Amino acid sequence: MLLEWVNRMTISRRELLTSAALAGGALLLGAGTANSAIPPVSYQPKPLPFNPTKLQGISEKLITSHHDKNYAGAVKRLGAIQEKIRQLSADAAPYQMGALKREELIAMNSMILHEYYFENLGGDGKAGGDIANAINSQFGTHEDWEHEFRLTGESLSGGSGWVILAYSPRDKRMYNSWSSDHTQTLADGKPILVMDMYEHAYQMDHGADAKAYIDAFFKNINWEEVNRRIVTAAGKNL
Ligand SMILES: [Fe+2]
């Protein structure tokens with residue numbers, strides 16, 4: 001009888017402790033998830049918009065590795081970082097949020113810039129239409145613009161970064177913008193032509209010869225896509 005009573009009490013104590021632990025856990029969870037109400041965004045890599053065997057001077061092996069590993073990796077990382085932000089405890093220090101926000105910006109800009117980059121490749125490298133006129137009127141000649149764009153790219157060889165022909169709505173004109181990582185872009189710049197200068201974009205085919213890669217990049221520019229972008233960005237200001 002006494003033993004039965006002790007067992008009952010033991011069970012009751014266990015149940016009590018379990019309930020208390022669960023309640024405490026729920027309280028902690030309630031206080032600890034700062035952003036769990038923010039719905040997650042589902043990011044999916046876009047496929048390459050051209051036949052990867054058809055580029056000149058950029059091999060199928062390089063461009064598919066660039067797409068599948070570097071670009072798709074950034075897309076996957078972005079989702080994982082945002083999940084960490086959603087799960088960050090409400091009592092987390094500001095630097096913890098800041099570190100995640102920095103990584104989020106890197107991954108998001110990497111995704112966006114790579115999509116612009118792939119979409120402005122796969123062409124015949126021959127400029128025409130509104131973009132050709134805009135380049136001529138804003139940079140003097142196409143050659144002057146191309147020289148500045150190429151030299152900006154060469155300045156990043158041996159390191160990493162992006163060269164972006166960007167349209168500024170503020171000035172209603174385009175600039176060749178230098179960026180040594182994914183986070184440095186013209187604040188109001190709308191990308192018109194994007195060149196990846198990270199070594200993964202050329203090292204496999206051209207070693208350290210960034211200039212040879214820039215030559216290949218120019219041979220493959222899809223100017224129709226570049227033209228579409230400037231018409232969309234500048235509209236009646238063209
Ligand atoms: Fe890249």
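Note that the structure is a prediction, hence the values are computed from the model and not measured. Read the numbers this way: they start at 1 and go in the same order the structure lists the ligands and their atoms.
Taking the six-membered ring where tryptophan is involved, the planes of Phe118 and Phe50 are tilted, since the angle between them lies from 30° to 60°. Taking the six-membered ring where tryptophan is involved, the planes of His206 and Tyr213 are tilted, since the angle between them lies from 30° to 60°.
A salt bridge does not link Arg77 with Glu103: every distance from a Lys NZ or Arg NE/NH1/NH2 to an Asp or Glu carboxylate oxygen is 4.0 Å or more.
Counting only distances under 2.8 Å, and ignoring water, the protein N, O or S atoms around the Fe ion (ligand 1) are His66 NE2, His114 NE2, Asp196 OD2, His200 NE2.
Ring to ring, Tyr71 and His66 are not that close: their centroids are 6.0 angstrom or more apart.
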* Test side chain to side chain donor-acceptor pair (under 3.5 Å) on Thr152 and Glu148 and set out the steps. => CA-CA 6 Å; Thr152 307; Glu148 186 182 298; 5.3 Å; no

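Residues Asn120 and Arg229 bring a donor and an acceptor atom of their side chains to less than 3.5 Å of each other.
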